Trainee: 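Quick one: structure below, then a few questions.
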Amino acid sequence: MIFIAVKFTVRSAERDNWLPAVDDFTLATREEPGNVFFEWSYSVENPDQFVLLEAFASPEAGEAHVKSAHFAAAMETMSELVSEVPEIINVEVPGEDWGRMAEVTPRNR
């Protein structure tokens, strides 16, 4: 599985526009056959920073994603809204999806 984490720091004036601006990209990516997950969050320390966690089933699925028309369109849109070059981690990891964390389990009350 290809796992990618990206931090996007947007212009303060564009913060409220970010998620609507990337909505089509998000929905199209989630429909890709090799997409495992594609999830947005925002930083609690920097209100202008959004974090994207995404995974693809294989290197080929990741390559298809980057060659898609919706990816190219999103890169154009994002470039208009960011205040700096995004930070990225891109690694190949074993597995096919999220696993369960062994150290934390719900307690009965």
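All figures in this text were calculated on a predicted structure; none of them were measured in a lab.
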Trainee: Side chains of S58 and E60: do they bring a donor and an acceptor to under 3.5 Å?
Mentor: yes
Trainee: What distance separates D48 CG from E84 CD, expressed to the nearest 0.5 Å?
Mentor: 10.0 Å
Trainee: Look at the side-chain heavy atoms of Ile, Leu, Val, Met, Phe, Trp and Tyr, link any pair under 4.5 Å apart, and say whether V91 and V51 land in one connected group.
Mentor: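 Result: yes, single cluster for both.
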Trainee: So, the side chain of S83 versus the backbone of T9: is there a donor-acceptor pair under 3.5 Å, distance only?
Mentor: yes
Trainee: So, taking the atom named CD in E54 and the one named CG in N90, what distance separates them when rounded to the nearest 0.5 Å?
Mentor: 8.0 Å
Trainee: Could you check whether any side-chain heavy atom of F3 comes within less than 4.5 Å of a side-chain heavy atom of F37, counting everything from C-beta outward?
Mentor: yes
Trainee: Flag yes if M78 and V6 sit in one hydrophobic cluster, no otherwise; membership is Ile, Leu, Val, Met, Phe, Trp, Tyr, and two members link when side-chain heavy atoms are under 4.5 Å apart.
Mentor: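 Result: yes, single cluster for both.
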Trainee: Step by step, work out the side chain to side chain donor-acceptor pair (under 3.5 Å) result for T29 and N35.
Mentor: CA-CA 7 Å; T29 301; N35 180 256; over 6 Å; no
Trainee: Tell me, do I4 and I88 make a side-chain contact under 4.5 Å, heavy atoms counted?
Mentor: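 Yes; the side chains approach each other to less than 4.5 Å.
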Trainee: Any non-hydrogen side-chain atom of F38 less than 4.5 Å from a side-chain atom of F25?
Mentor: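 In short, these two side chains touch, coming nearer than 4.5 Å.
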Trainee: Return the orientation label for the F8 and W40 ring planes: parallel under 30°, perpendicular over 60°, tilted otherwise.
Mentor: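 Rings of F8 and W40: tilted, 30 to 60°.
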Trainee: Does Y42 have R15 sitting over its ring (NZ/CZ under 6.0 Å from centre, angle to axis within 45°)?
Mentor: yes
Trainee: Please determine whether residues V66 and I2 belong to a single hydrophobic cluster, defined as Ile, Leu, Val, Met, Phe, Trp and Tyr linked transitively by side-chain heavy-atom distances below 4.5 Å.
Mentor: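 Linked within one cluster.
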Trainee: May I ask you to decide if the ring planes of F71 and H65 are parallel, tilted or perpendicular, using 30° and 60° as cut-offs?
Mentor: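 Geometry flag for H65 against F71: perpendicular rings.
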Trainee: So do the side chains of V36 and M1 get within less than 4.5 Å of each other, counting heavy atoms only?
Mentor: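 Yes - at least one pair of side-chain heavy atoms lies under 4.5 Å apart.
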Trainee: With a 4.5 Å heavy-atom cut-off, do D23 and L19 have their side chains touching?
Mentor: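 Side chain of D23 against side chain of L19, heavy atoms only: no contact under 4.5 Å found.
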Trainee: Grouping I, L, V, M, F, W and Y whenever their side-chain heavy atoms are under 4.5 Å apart, do M75 and V82 come out in a common cluster?
Mentor: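 Linked within one cluster.
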Trainee: Can you find a heavy atom in the side chain of E32 that is under 4.5 Å from one in the side chain of F56?
Mentor: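 A side-chain contact exists here, since the closest heavy-atom pair is under 4.5 Å.
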Trainee: Calculate, to the nearest 0.5 Å, the distance between atoms CG and OG1 belonging to N17 and T77 respectively.
Mentor: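 The CG atom of N17 sits 11.5 Å away from the OG1 atom of T77.
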Trainee: More than 12 heavy atoms of other residues, nucleotides or ligands under 6.0 Å from CD of E80: yes or no?
Mentor: no
